[in-house]
Amino acid sequence: MKDRPLSRAFYERNTLLTACELLGKLLVRRTKEGIMTGRIVETEAYRSKDDPASHAYRGSTPRNRVMFDHGGLAYVYYVYGFHYCLNATTEVPGTAGAVLIRAIEPLRGLELMLRNRSLSSASPLENITNGPGKLTSAMSITTELNGTDLTSRGALFIRTSPLMKPFRVGTSGRIGVKSAYRRPWRFFIIGNRFVSRTKPRLKFAGQIRV
DNA sequence: GAGAAGATCTCCT
DNA sequence: GGAGATCTTCTCA
């Protein structure tokens with residue numbers, strides 16, 4: 001029962017709360033080659049009209065339409081001509097919100113992830129998925145998965161992690177955004193070596209014990 | 001239709 | 001720490 005995908009109700013809530021509570025959950029990717037699993041260790045929250053850094057700031061477009069749909073869908077987009085970024089949509093239909101998954105701790109399917117990233121087995125583990133572009137590359141996540149329902153056992157879903165130890169959550173300004181970067185909407189597991197950047201632009205705005 | 005910007009990563013210095 | 005790679009999306013004329 002505990003390894004069921006997270007429910008729709010989990011996502012259709014406040015985006016910041018969802019971004020924080022996604023930490024420690026397991027991201028599961030199923031492909032023809034095999035299953036890959038990783039623990040989410042870093043997220044960023046993006047909201048709607050009150051968030052200039054969000055794709056949804058200017059309203060609905062063909063690209064960001066998924067953000068305005070149900071919570072619990074995958075929003076995948078292409079950036080810089082090289083990389084894909086994976087988000088989980090939040091909030092109820094009509095209200096835009098998404099949580100960018102910035103980094104995961106690889107748990108299962110390590111060889112497959114290394115192969116997808118063209119890395120050797122000698123590569124540092126934390127180098128495989130410690131960034132939005134890296135984790136999508138490692139898990140073969142592309143825009144083909146845009147709109148995928150994360151609440152059902154399909155090619156991509158997120159589930160609880162029953163063996164997860166208690167951890168502390170750090171917050172900071174979001175990385176790579178030029179507007180509204182002062183908002184501490186980046187969440188990460190303190191002390192986890194798979195977090196993408198340990199020295200963000202804004203120092204810890206706070207800590208949360210989970 | 002053209003031009004600019006971009007939620008990144010890797011390599012080089 | 002900085003620059004370059006390269007393509008989608010959006011804005012503006």
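Side chains are part of it too, since the values below use all heavy atoms of this structure and drop only hydrogens, waters and symmetry mates. Labels below follow one simple rule: chain letters A, B, ... track the order of the sequence lines, proteins then strands, and each chain is numbered from 1.
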**Fill in**
Taken to the nearest 0.5 Å, the spacing of Asp51(A) CG from Thr15(A) OG1 works out to 9.0 Å

**Asked** Quick one: Phe82(A) CZ to dA7(B) P, roughly how many Å, whole number?
**Response** 16 Å

**Message:** Between C1' on dT8(C) and OH on Tyr84(A), what's the gap in Å once rounded to a whole number?
**Reply:** 10 Å

**Prompt:** At under 4.0 Å between heavy atoms, what does Gly81(A) touch on the DNA or RNA strands: base, sugar-phosphate, or nothing?
**Reply:** base

**Asked** Looking at Glu44(A) and Arg102(A), does any basic side-chain N land under 4.0 Å from a carboxylate oxygen?
**Response** yes

**Request:** May I have the distance from Trp185(A) (atom CH2) to dA7(B) (atom P), rounded to whole angstrom?
**Result:** 15 Å

**Request:** With the side chain of Tyr80(A) defined as its heavy atoms from C-beta on, choose the nearest nucleotide among dT8(B), dT6(C), dC9(B).
**Result:** dT8(B)

**Derivation of the side chain to side chain donor-acceptor pair (under 3.5 Å) call for Ser121(A) and Glu111(A)** = CA-CA 8 Å; Ser121(A) 56; Glu111(A) 286 186 11; over 6 Å; no

**Message:** Pair Arg115(A), Glu33(A) - check salt bridge (Lys or Arg N to Asp or Glu O under 4.0 Å), show working.
**Reply:** CA-CA 11 Å; Arg115(A) 201 187 317 155; Glu33(A) 288 76 29; over 6 Å; no

**Item:** His55(A) side-chain N/O to dT9(C) phosphate OP1/OP2 under 4.0 Å
**Value:** no

**Asked** For dA7(B), does OP1 or OP2 lie under 4.0 Å from any side-chain N or O of Arg102(A)?
**Response** no

**Prompt:** Hey, where does DNA chain C pair up into stems, meaning at least three consecutive Watson-Crick or G-U pairs with distances under 3.5 Å?
**Reply:** B:1-6 with C:7-12, B:8-12 with C:1-5

**Request:** May I have the distance from Tyr57(A) (atom OH) to dC10(C) (atom P), rounded to whole angstrom?
**Result:** 16 Å

**Request:** Could you state the atom-to-atom distance from CZ of Phe188(A) to C1' of dA7(B) in whole Å?
**Result:** 17 Å

**Request:** Measure the distance from CG on Leu119(A) to C1' on dT10(B) and round it to the nearest whole Å.
**Result:** 11 Å

**Request:** Check the distance between dA7(B)'s P and Glu42(A)'s CD and give it to me in whole angstrom.
**Result:** 16 Å

**Options dT8(B), dC10(C), dA7(B), nucleotide nearest the side-chain atoms of Thr61(A)** = dC10(C)

**Request:** Describe, in one word, how the ring planes of Tyr84(A) and Tyr78(A) are oriented to each other, choosing from parallel (under 30°), tilted (30 to 60°) and perpendicular (over 60°).
**Result:** tilted

**Request:** Measure distances between side-chain N and O atoms of Tyr77(A) and base N and O atoms of dA7(B), and say whether any donor-acceptor pair falls under 3.5 Å.
**Result:** yes

**Prompt:** Picking from dT8(B), dA7(B), dT10(B), which would you name as closest to the side chain of Met67(A)?
**Reply:** dA7(B)

**Item:** Among dT6(C), dT8(B), dT10(B), the nucleotide that comes nearest once only the side chain of Lys134(A) is considered
**Value:** dT10(B)

**Prompt:** Are side-chain N/O atoms of Thr143(A) and Asn146(A) paired as donor and acceptor at under 3.5 Å?
**Reply:** no

**Asked** Quick one: Ile175(A) CD1 to dC9(B) C1', roughly how many Å, whole number?
**Response** 13 Å

**Request:** Test the Arg174(A)-Tyr46(A) pair against the cation-pi criterion, namely NZ or CZ under 6.0 angstrom from the six-membered ring centroid and within 45° of the ring axis.
**Result:** yes

**Request:** Would you check if Tyr78(A) stacks with the base of dT8(C), given a 5.5 Å centroid limit and a 30° plane limit, both strict?
**Result:** no

**Message:** Taking Arg153(A)'s backbone N and O only, do any of them form a donor-acceptor pair with Arg30(A)'s side chain (distance below 3.5 Å, no angle check)?
**Reply:** yes

**Message:** I want to verify a distance call: between dA5(C), dC10(C), dT10(B), whose nearest atom is closest to the Pro62(A) side chain?
**Reply:** dC10(C)

**Message:** If you only use heavy atoms from C-beta on, which nucleotide in dC9(B), dT6(C), dA7(B) is closest to the side chain of Tyr46(A)?
**Reply:** dA7(B)

